[in-house]
Amino acid sequence: MATHLKNLSDFSHTIVPSGKPFRFGIVVASWNVAVTGKLYQGAYDSLLKHEVEEDNIISVDVAGSYELISGADLLLSNKNIDAVICLGCVIQGETRHFDFICDAVANGIAQVSIKHTKPVIFGVLTTDNQEQALDRAGGKHGNKGDEAAITAIKMAHLHLSLKD
Ligand SMILES: Nc1c(NC[C@H](O)[C@H](O)[C@H](O)CO)[nH]c(=O)[nH]c1=O
Ligand SMILES: CC(=O)[C@@H](O)COP(=O)(O)O
């Protein structure tokens with residue numbers, strides 16, 4: 001469903017399970033920090049709202065969205081984490097670089113999730129301009145960071161429930 005038809009943060013918070021049992025990593029890209037900082041705050045606040053302990057949230061910064069891939073891989077390889085949230089903002093420029101970055105990040109994050117058999121959440125905005133990005137980082141369309149955090153909690157529960 002297109003975002004403009006559904007507020008990203010319009011979740012029925014009563015159906016989000018508790019995040020208390022889990023440890024989460026958050027990897028944030030510094031490119032477009034005016035947007036990614038808001039995504040991070042939305043994700044962090046949402047994790048706390050759903051009972052995740054502050055000590056169970058490990059946050060790291062990376063240069064750009066492309067580095068979210070290796071940032072998530074490093075976290076899962078070196079820390080005891082149940083799920084990773086990747087937050088970034090890729091804004092169309094004058095060239096096709098946007099297309100390559102977006103495709104690489106989406107596919108790379110999926111590969112990291114498969115490699116570690118752990119949820120790695122794609123919390124990356126891919127927009128035409130900064131206005132669209134700000135609308136989805138705490139603006140009129142909610143906060144994709146909030147959405148990504150709730151997704152991470154739900155996937156951590158699913159992962160736990162399916163473990164032998
Ligand atoms: N243009 C954007 C980038 N570009 C940088 C890449 O993500 C990467 O850091 C670089 O290619 C070196 O590997 N990154 C964003 O997150 N957002 C952009 O709009
Ligand atoms: C997504 C990007 O890397 C992009 O913002 C870079 O801008 P440009 O395509 O004008 O070089």
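Atoms within a ligand are numbered from 1 in the order they appear, just like the ligands themselves.
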- request: For ligand 1, indicate whether the residue Asn32 contacts it via side chain, backbone, both or neither (heavy-atom separation under 4.0 Å).
  value: side chain
statement: Residue, atom and distance of the protein heavy atom nearest atom 12 (C) of ligand 1 read Glu67 OE2, 3.4 Å
- request: Give every residue pair that meets the side chain to side chain donor-acceptor pair (under 3.5 Å) criterion with at least one member in residues 81-104, sequence neighbours excluded.
  value: none
query: Does Cys89 come within less than 4.0 Å of ligand 1, judged by its heavy atoms?
result: yes
message: A side-chain contact here means heavy atoms from C-beta on lying under 4.5 Å apart; do Leu47 and Ile85 qualify?
response: yes
message: Show me, by chain and number, every protein residue that has a heavy-atom distance under 4.0 Å to ligand 2.
response: Val90, Ile91, Gly93, Glu94, Thr95, His97, Phe98
task: Determine, stepwise, if the pair Tyr40 / Ser59 fulfils side chain to side chain donor-acceptor pair (under 3.5 Å).
output: CA-CA 9 Å; Tyr40 175 78; Ser59 302; 2.7 Å; yes
message: Which heavy atom of Asn143 sits nearest to which heavy atom of Gly42, and what is that distance?
response: ND2-CA, 3.7 Å
message: I'd like to check which ligand 1 atoms, numbered from 1 as shown, lie under 4.0 Å from a non-hydrogen atom of Ile101.
response: 6 (C), 11 (O)
- prompt: Val52 versus Phe22: any side-chain heavy-atom pair under 4.5 Å?
  reply: no
- prompt: Tell me, do Lys154 and Leu158 make a side-chain contact under 4.5 Å, heavy atoms counted?
  reply: no
message: Taking 4.0 angstrom as the limit and counting only heavy atoms of Gly64, give me the atoms of ligand 1 inside it, by number and element.
response: 7 (O), 9 (O), 16 (O)
query: Is there side-chain contact between Asn32 and Gln130, with at least one heavy-atom pair below 4.5 Å?
result: no
query: What heavy-atom pair brings Arg136 and Leu39 nearest, and what distance separates the two atoms?
result: O-CD2, 3.8 Å
message: Which heavy atom of His157 sits nearest to which heavy atom of Ser18, and what is that distance?
response: NE2-O, 2.6 Å
query: For atom 1 (N) of ligand 1, what's the nearest protein heavy atom and its distance?
result: Trp31 CZ3, 3.0 Å
message: On a heavy-atom basis, I'd like to know which of Leu87, Ile69, Thr95, Ile91 is closest to atom 19 (O) of ligand 1.
response: Ile91
